[in-house]
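Below is one structure, written out as structure tokens; the observations come after it.
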Amino acid sequence: MAPPPASPADSADPDPRPASASAPVPITIPSPRELLHHHHHLVDRRDTPRGRAWEPERSRRGEAMDGAAAAKLVPGEAGYVLEDVPHVSDYLPDLPTYPNPLQDNPAYSVVKQYFVNPDDTVCQKIVVHKDGPRGNHFRRAGPRQRVYFEPDEVHACIVTCGGLCPGLNTVIREIVCGLSDMYGVTKILGIQGGYRGFYARNTTTLTPKIVNDIHKRGGTILGSSRGGHDTMKIVDSIQDRGINQVYVIGGDGTQRGAGVIFEEVKRRGLKVSVAGIPKTIDNDIPVIDKSFGFDTAVEEAQRAINAAHVEAVSAENGIGLVKLMGRHSGFIAHYATLASRDVDCCLIPESPFYLEGEGGLFKYIEKRLKDDGHMVIVVAEGAGQKLIAETMQSIGKDASGNELLLDVGLWLSQKINEYFKKNKMTINLKYIDPTYMIRAIPSNASDNVYCTLLAHSVVHGAMAGYTGFTIGQVNGRHCYIPFYRITEKQNRVSITDRMWARLLSSTNQPSFLCNKVVEEAKKEQERTAQLIDGSPSHRKVNEKVAVSNSGGTK
Ligand SMILES: Nc1ncnc2c1ncn2[C@@H]1O[C@H](COP(=O)(O)OP(=O)(O)OP(=O)(O)O)[C@@H](O)[C@H]1O
Ligand SMILES: O=P(O)(O)OC[C@H]1O[C@](O)(CO)[C@@H](O)[C@@H]1O
Ligand SMILES: [Mg+2]
């Protein structure tokens, strides 16, 4: 039988969050827009491609931004700021806590210092200057000595939303096994078909036995969907079913949806942890080191690039053209190109290119064919969309409001063929589109381990009562990140970064950049660096703290 609950007041709990008496008192800064004013994405995202994507649900997005408005910023010495995540006890202050059952688990009890220190945080910016501020930190993930849910009390659910990605089934498996093996939880529901499954589909019971083999399969055993996020119906379903831990696996849209669910759960005063596991094959989620499935995608892309290379070298003036995924962020194309070394040109959404004239793509292809007799081009699906739109009509949006892309691969094939026909030069172009084949495979070994750790860390967080957070690896350490930090901007390839320069030097392709584009890209990088550094906002936080400590006003 579980030991009786200890009241938060009299327990000698070394962890539970409003931490020890000596720890800095968390302050709630009412307006992060003010604190993070230099970060334009937070102000109004209606004009950004992503902002537009959510227009049908703008009111909900508005609510999600309230999560940011209640940012829990805890300042410390030398410009240190902890950007903390919400906790169920923030709005339900008298909840009992329980000893973590892991302490009696033979597998884990041998680990020295198994429970993480409650004061551990993970810094967002790993490279700092001697006199620079220590910067932004997130709460370190991991098991706490005391938890806010008894195993018998937990009724968890898992949902997967958005596009497929290698590793989804591994994450599902490891949430189920983590809950069961580490915490003795037995009630776990699978929500079918994404968010709409909460109110429009039957649920599936998930047990370690049922999920035992699923990591060997691609896709998600729960199914997924776009659109259909009806907050009220979803939270009604959570409430009616008595669900108290919600694990949401998905991309930026999904995490935004989870943020809204969290706000509504909080408004209703429910003891429910809402936790996200970021998923996107595009690797476009900010803050975290990389998203799961990305490694697998880059590895699988090699097969398509190899095929393109073989085709190209075997024909007269052979051109192998491979399209890879990457709606707004060209990471897969970038890394697959760097890994392969057979690629002569990589085109990504972040780096505009042009076809005609000196320094354009056609002249470069011509030169490559004259020099080598063949070439391989990798293009990310979101590349060149503006160019294509000059001659083709937009094809609308998907159910979630994401702009549907025009097929850059087909368009480019046609343009290249036309150009060389006009110039009376024989070419043999083979276009390979492996996009869905790459996305649908199971995760590789390294992603399997990554997914396992993410799943276990998210379970520890929910059991400890944290909510409104996404689990993420930052500088190699797992931590709990507030939803709004994951959704406020997009991770994109920086074309003024050393990594992109490495690619340019490996392919020898033209940079296609005029000075104006380079300057704009540098400014954007500067803005992003400031956000990551957080120095202006941290100074503001510290100023505010100093003012409130001295009782003064400014
Ligand atoms: N602002 C929002 N508020 C509430 N729900 C949202 C919001 N944005 C997206 N969603 C919901 O999240 C789900 C997934 O969104 P979307 O289809 O954009 O995929 P995603 O999670 O971004 O993943 P990916 O783009 O990597 O495939 C959809 O059901 C959508 O309705
Ligand atoms: O599954 P769908 O709706 O065709 O979406 C494809 C999109 O999903 C992603 O795989 C993930 O966002 C993108 O790379 C791609 O543009
Ligand atoms: Mg998305």
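Order of appearance sets the numbers: ligands from 1, and atoms from 1 within every ligand. Scope of the values below: all heavy atoms of this structure, side chains included, with no hydrogens, waters or symmetry mates. From a predicted model like this one, the values you see are computed outputs, not experimental measurements.
Counting heavy atoms closer than 4.0 Å to ligand 1, residue Asn402 contributes side-chain atoms (C-beta onward) but none from N, CA, C or O. Contacts with ligand 1 closer than 4.0 Å are made by side-chain heavy atoms of Arg327 only, the backbone lying farther away.
For a threshold of 3.5 Å applied to N or O pairs, the pair formed by Lys279 and ligand 1 contains at least one separation below that value. Residue Gly227 places at least one N or O, backbone or side chain, under 3.5 Å from an N or O of ligand 1. Checking only distances, Gly253 does come within under 3.5 Å of ligand 1, N or O to N or O. No N or O atom of Gly162 sits closer than 3.5 Å to an N or O atom of ligand 1. Polar contact with ligand 1: present for Gly163 (N/O pair, distance under 3.5 Å). By the 3.5 Å distance cut-off applied to N or O atoms, Asp398 is not counted among the residues near ligand 1.
Within a 6.0 Å radius of CZ in Arg477, no more than 12 heavy atoms belonging to other residues, nucleotides or ligands are found. For Arg268, the CZ atom sits in a packed shell: over 12 heavy atoms of surrounding residues, nucleotides or ligands are nearer than 6.0 Å. Heavy-atom contacts from other residues, nucleotides or ligands closer than 6.0 Å to CE of Met499 number more than 12. By the 6.0 Å contact criterion, CG on Asn202 is open, its count of non-hydrogen atoms from other residues, nucleotides or ligands being 12 or less.
Applying the 4.0 Å criterion to heavy atoms of Tyr195 picks out, from ligand 1, the atoms 11 (C), 12 (O), 13 (C), 29 (O). Close contacts of ligand 1 with Arg256, meaning ligand atoms under 4.0 Å from a residue heavy atom, involve 1 (N), 2 (C). Atoms of ligand 1 found under 4.0 Å from any heavy atom of Gly251 (numbered from 1 in listed order, with element): 20 (P), 21 (O), 22 (O), 23 (O).
Sorted by first then second residue, the side chain to side chain donor-acceptor pair (under 3.5 Å) pairs that include residues 159-172, not counting sequence neighbours, are Thr160-Thr220, Thr170-Ser443, Thr170-Asn448. Sorted by first and then second residue, the salt bridge (Lys or Arg N to Asp or Glu O under 4.0 Å) pairs involving residues 335-345 (not counting sequence neighbours) are Asp344-Arg368.
Defined by atom type and a distance below 3.5 Å, a donor-acceptor pair is present between the side-chain atoms of Thr435 and Asp433. There is no side-chain donor-acceptor pair under 3.5 Å between Ser329 and Asp282.
Rounding to the nearest 0.5 angstrom, the gap separating the CZ atom in Arg139 from the OH atom in Tyr480 is 10.0 Å.
Closest N/O/S atom of Asp252 to the Mg ion (ligand 3): OD1.
Closest of all the heavy-atom pairs between Phe512 and Leu361 is CE2-N, 3.6 Å.
At a cut-off of 2.8 Å, Asp284 does not coordinate the Mg ion (ligand 3) through any N, O or S atom.
When the side chain to side chain contact (heavy atoms under 4.5 Å, CB included) test is applied to Ile288, the partners found at least two apart in sequence or on another chain are Pro278, Ile285, Ser291, Ile481, Ile486.
A parallel orientation is assigned to the rings of Phe331 and His334, their planes being inclined by less than 30° (bins at 30° and 60°).
Protein residues lining ligand 2, listed by chain and number: Arg226, Ile281, Asp282, Met325, Gly326, Arg327, Glu381, Tyr436, Arg439 [non-hydrogen atoms, distance under 4.0 Å].
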